[in-house]
Chemist: 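Just dropping this structure here.
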Amino acid sequence: MYDFSFHRQLVNWYKKVCRVLPWRENSDPYRIWLSEIMLQQTQVSTVIEYFNRFIKSYPNIEALNQANEEDVFKLWEGLGYYSRARNLLRCAKTIVEEYNGIFPKDLQKLKKLPGIGPYTAGAIMSIAYNEPVPAVDGNVMRVISRYRMLEINISDTKNRSVFEEEVMALMGGAPREFNQALMELGATICTPKQPKCLDCPVKEGCKAFKNGTAEQYPVKLKKIQKKVVKMAIIILEHQERIMIVKRPNTGLMANLWGFPSVPYTDELPEFTVNQHMKDEFDLEVIIRELEEGPKHIFTHLIWEMQLVKCSLKNTKDTIKPIEFPEIQWVRREQLKEYAFPTAFRKLFSML
DNA sequence: AACTCGGGGCG
DNA sequence: CGCCCAGAGTT
């Protein structure tokens, strides 16, 4: 059954209230793509400045294709989910080399590109190319769950198709405006807590509103328990330079810079730290001072950071970058030139 | 299907 | 402090 009023009310509302955002200046697929990648699990207000800086450095796909990864990471610093930045470059390379610099207007081809999944592919198809394709994100699942009072678990990936079919059943036209309107509604009116139902343009047809149970949706069963990890952060200083290491190319905060770090389970980190520095870097250190650092909360774990300030035992050991190219010794004022995740940047004032 | 991957905002 | 978010990749 086609619900004409839903489409009309929603799109009219969107045209009135839609926010002025830098990636809405035009429909350039490059800008739409970049904004959608940045917006994955990230708030609009956070993305705006990152987006503007990025576009200034790399205004088009050809410019990005010639960038080096280190510079891209620096622009991404603090935004999180850093694999997005690496996939961004890989994707740019593919677009230039295999698609002549033009994003394919093809859902299946888009989905195969690095960093582009079902949501982002749908967003590019609809927002950049105005093609009638669903773009189902967390906002859309919440809006649709409430509108239809769907009792299905949005954490279950196999239910994605249910929402995609519901979206297509409601999409009467203007896919570019319609998909953005759905998300805008979820972000501003149909919010997770205390939704502003009285201001909603589609409240007449909303089952959950009629039932007075909007806040009970969407159904979400999965819950994750955060593990607490005691992390020794090793601040090794020699001749006014601090040792930093490039993190491995997989895992947490891959390829970003950090201080040598090692989890420990003892009451105190000394033993683990000495062993770690010997095993990983063949360095013997003298521990000068312990200082309790801040907690840092990730999606699935919590770091309780303990700063371990050290100096070298043998000064002839000072620098062995030949065997360990991922090590740098830098002055305090140089630290900001490297791309650090927020967990480490928090510590700069404690050094 | 379950797990991994950041950080900020909010009540 | 717990929950939420314009999700995707890996296993």
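Residue numbering restarts at 1 for every chain, and letters A, B, ... go by the order of the sequence lines.
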Chemist: If I compare all heavy atoms of A:R24 with all of A:C18, which pair ends up nearest, and what's the gap?
Modeler: NH1-CB, 3.9 Å

Chemist: Check every strand shown and say whether A:L301 touches a base, only sugar-phosphate, or nothing at a heavy-atom separation below 4.0 Å.
Modeler: nothing

Chemist: For A:T157 and for A:Q40, locate the closest nucleotide of DNA chain B by heavy-atom distance; then report the residue assigned to the nucleotide nearer the 5' terminus.
Modeler: A:T157

Chemist: Please confirm whether any donor atom in the side chain of A:Q43 sits under 3.5 Å from an acceptor in the base of B:dG9, or the reverse.
Modeler: no

Chemist: Using heavy atoms to find the nearest nucleotide of DNA chain C for A:E36 and A:G115 separately, return the residue whose nucleotide is more 5′.
Modeler: A:E36

Chemist: Base, sugar-phosphate, or nothing for A:I116, non-hydrogen atoms under 4.0 angstrom?
Modeler: sugar-phosphate

Chemist: What nucleotide among B:dC5, C:dC1, B:dA1 has an atom nearest to a side-chain atom of A:K158?
Modeler: B:dA1

Chemist: For C:dC5 and A:R142 - does any side-chain N or O of the residue sit under 4.0 Å from the phosphate oxygens OP1/OP2?
Modeler: yes

Chemist: Take atom OH of A:Y119 and atom P of C:dG9, then tell me their distance rounded to the nearest Å.
Modeler: 14 Å

Chemist: In whole angstroms, how far is the P atom of B:dC5 from the CG atom of A:N249?
Modeler: 13 Å

Chemist: Below 4.0 angstrom from OP1 or OP2 of B:dG6, is there any side-chain N or O of A:H296?
Modeler: no

Chemist: Rounded to whole angstrom units, what separation is found between the CD atom of A:E184 and the C1' atom of C:dC5?
Modeler: 15 Å

Chemist: Between B:dG6 and A:T42, counting only base atoms on the nucleotide and side-chain atoms on the residue, is there a donor-acceptor pair under 3.5 Å?
Modeler: yes

Chemist: Taking C:dT11 as the reference, what is the distance to B:dG6 when you measure between their P atoms (whole Å, please)?
Modeler: 15 Å

Chemist: Is the shortest side-chain N to carboxylate O distance from A:K15 to A:E177 below 4.0 Å?
Modeler: no

Chemist: Quick one: label A:G251 by what it contacts on the DNA or RNA (base, sugar-phosphate, nothing), any heavy atom closer than 4.0 Å.
Modeler: sugar-phosphate

Chemist: Taking only heavy atoms on the protein side, list every residue of residues 336-351 of chain A lying under 4.0 Å from any atom of DNA chain B, sorted numerically.
Modeler: A:P341, A:T342, A:A343

Chemist: Taking A:E184 for the side chain and A:R19 for the main chain, is one N or O donor matched with an acceptor at less than 3.5 Å?
Modeler: yes

Chemist: Classify A:T120 by what it touches in the nucleic acid, base, sugar-phosphate, or nothing, heavy-atom distance under 4.0 Å.
Modeler: sugar-phosphate

Chemist: If each of A:Q194 and A:L252 is mapped to the nucleotide of DNA chain B with the nearest heavy atom, which maps nearer the 5' terminus, i.e. the 5' end?
Modeler: A:L252

Chemist: A:Y81 ring centre to A:R84 NZ or CZ under 6.0 Å, with the angle to the axis within 45°?
Modeler: no

Chemist: Would you say A:H300 reaches B:dC3's phosphate, i.e. side-chain N/O to OP1/OP2 under 4.0 Å?
Modeler: no

Chemist: By the 4.0 Å heavy-atom rule, please label A:M253 as base, sugar-phosphate, or nothing.
Modeler: sugar-phosphate

Chemist: Check the distance between B:dG7's C1' and A:W76's CH2 and give it to me in whole angstrom.
Modeler: 13 Å

Chemist: Using whole Å, what does the distance between atom C1' of nucleotide B:dG9 and atom CG of A:L79 come to?
Modeler: 15 Å

Chemist: Taking the nucleotide of DNA chain C with the closest heavy atom to each, which residue, A:I154 or A:N87, is nearer the 5' end?
Modeler: A:I154

Chemist: Could you check how far CD of A:E215 sits from C1' of C:dC3, rounded to whole Å?
Modeler: 12 Å

Chemist: To the nearest Å, how far apart are A:W33 CH2 and C:dG7 P?
Modeler: 17 Å

Chemist: Look at A:E284 together with A:K313 and state whether they make a salt bridge at an N to O cut-off of under 4.0 Å.
Modeler: yes

Chemist: Please report, rounded to the nearest Å, how far the P atom of C:dA8 is from the CG atom of A:D137.
Modeler: 9 Å

Chemist: Choose from C:dA8, C:dC4, B:dG6 the nucleotide whose nearest atom is closest to any side-chain atom of A:F298.
Modeler: B:dG6

Chemist: Is A:N100 reaching over with its side chain to a backbone N or O of A:I102, donor-acceptor style, under 3.5 angstrom?
Modeler: no

Chemist: What are the two closest non-hydrogen atoms of A:V229 and A:P263, and how far apart are they?
Modeler: CG1-CB, 3.8 Å

Chemist: Give one of base, sugar-phosphate or nothing for A:R247, where a contact means two heavy atoms less than 4.0 Å apart.
Modeler: nothing

Chemist: Return the OG to CG distance between A:S5 and A:N12, rounded to the nearest 0.5 Å.
Modeler: 11.5 Å

Chemist: Side-chain donor-acceptor pair under 3.5 Å between A:H300 and A:K226, yes or no?
Modeler: no

Chemist: For C:dA6 versus B:dT4, give the span between their P atoms, rounded off to a whole number of Å.
Modeler: 24 Å

Chemist: Which whole number of Å gives the distance between the P atom of C:dA8 and that of B:dG9?
Modeler: 23 Å

Chemist: Return no unless some side-chain N or O of A:Y81 is found under 4.0 Å from OP1 or OP2 of B:dT4.
Modeler: no

